[in-house]
Amino acid sequence: MPTPKHKLLTPKRRPPPPPPPPATNVVVPEHSPPRPQVYLQKPSPKKNPSKSTILFRRVRSVFRSFPVINPPCKMPVPIHDGHIHGGKQLTGTLFGHRKSRVNLAIQENPRCLPVLVLELSIQTGKLLQDMGLGLVRIALECEKHPYEKIKLIDEPIWTMYCNGRKAGYAVKREATDDDLKVIQMLHAMSMGAGVLPGDAVDSSPEGELTYMRAYFERVTGSKDSETYYMMNPDGNSGPDLSIFFVRV
């Protein structure tokens with residue numbers, strides 16, 4: 001009796017996986033460059049004025065209420081040993097690309113965050129060239145608003161005059177990452193001038209990034225006037241740059 005032949009059962013194969021969906025144009029968000037590490041210190045907090053200071057301010061305000069008699073000639077600012085009598089010494093830095101607008105940063109000392117950053121409507125190279133030729137006077141004027149109580153250096157925009165000629169405007173702004181990067185690089189320098197290396201800052205078609213740092217003497221005339229005098233290291237020939245803040 002013949003034996004029945006058994007058919008070999010082949011295992012069933014699993015169906016292949018479905019093909020992946022067609023790739024779409026997915027925009028991958030670009031990561032912003034890391035912020036520069038800033039190790040600058042915060043400015044010292046302002047102390048409340050003492051009773052003697054308050055009394056002196058009241059007496060001074062009484063004398064200012066008297067009529068002012070203009071003398072026939074103006075007396076020069078008294079300078080002794082490179083310092084102006086009654087002024088406060090600060091650190092000022094002029095920096096910017098040669099063909100772009102110059103920036104002015106005022107600090108309590110080179111290791112502090114700036115208390116004031118101004119963008120002036122004059123090219124950096126032009127200002128440094130004028131300073132090399134002689135004394136430069138910059139007057140910044142803004143309109144007085146009697147009903148607004150705002151500090152003089154907190155005014156947002158100024159009309160700028162350079163050596164008696166109108167030269168556009170000056171704008172106060174917050175310090176950017178690029179500003180802090182430059183100030184951080186110069187934290188060990190009290191005064192000097194030069195060009196920052198190309199590998200330390202981003203290259204720009206507006207020329208090299210130049211800087212000039214010096215001590216400034218701040219003289220406060222009133223709540224509506226302040227003057228910053230840049231002092232020479234030798235202290236003999238007086239300031240090369242004077243910046244006047246006036247609210248009229």
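Atoms considered below: every heavy atom in the structure, side chains included; atoms not considered: hydrogens, waters and symmetry mates.
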| message | side chain to side chain donor-acceptor pair (under 3.5 Å), that's the test. Do Thr93 and Arg213 meet it? Break it down for me. | response | CA-CA 4 Å; Thr93 308; Arg213 169 167 284 186; 2.8 Å; yes
| request: For residues Leu241 and Tyr228, determine if any side-chain heavy atom of one lies less than 4.5 Å from a side-chain heavy atom of the other. | output: no
| query | Does any non-hydrogen side-chain atom of Leu180 lie less than 4.5 Å from one of Leu113? | reply | yes
So, does [X] use its side chain to make a donor-acceptor pair with the main chain of [Y] at under 3.5 Å?
X: Ser121; Y: Ala167; answer: yes
X: Ser225; Y: Val246; answer: no
X: Ser242; Y: Ile138; answer: no
X: Gln107; Y: Cys112; answer: yes
X: Asn163; Y: Arg137; answer: yes
X: Arg247; Y: Lys223; answer: yes
X: Arg218; Y: Leu90; answer: no

Taking all atoms of both residues into account, what is the closest heavy-atom pair of [X] and [Y], and its distance?
X: Val195; Y: Tyr211; answer: N-CE2, 3.9 Å
X: Ala105; Y: Phe95; answer: CB-CE2, 4.0 Å
X: Leu140; Y: Ala170; answer: CD2-CB, 3.8 Å
X: Glu174; Y: Asp179; answer: O-OD2, 4.2 Å
X: Leu127; Y: Val136; answer: CD1-CG1, 4.1 Å
X: Leu116; Y: Ile153; answer: CD1-O, 3.7 Å

| With Pro110, which of Thr91, Ile183, Leu186 fulfils side chain to side chain contact (heavy atoms under 4.5 Å, CB included)? | Thr91
From [X] [atom1] over to [Y] [atom2], what is the distance, rounded to the nearest 0.5 angstrom?
X: Arg111; Y: Gln184; atom1: CZ; atom2: CD; value: 10.5 Å
X: Glu155; Y: Glu141; atom1: CD; atom2: CD; value: 12.5 Å
X: Cys162; Y: Asp130; atom1: SG; atom2: CG; value: 6.0 Å
X: Met191; Y: Phe216; atom1: CE; atom2: CZ; value: 11.0 Å
X: Arg101; Y: Thr124; atom1: CZ; atom2: OG1; value: 11.0 Å

| said: Membership question, hydrophobic clusters at under 4.5 Å side-chain separation (ILVMFWY): are Val102 and Tyr161 in the same one? | reply: no
| field | Joint cluster assignment, Met185 & Val117, ILVMFWY side-chain distance < 4.5 Å | value | no
| query | Between Asp177 and Lys181, is there a side-chain N and carboxylate O pair less than 4.0 Å apart? | reply | no
| request: Indicate whether the side chain of Tyr215 and that of Glu217 have a donor and an acceptor atom separated by less than 3.5 Å. | output: no
| query | For the side chain to side chain donor-acceptor pair (under 3.5 Å) test, which of His97, Glu119, Arg173 pairs with Asn103? | reply | Arg173
| field | Members sharing Tyr169's hydrophobic cluster (side chains within less than 4.5 Å) | value | Ile157, Val171
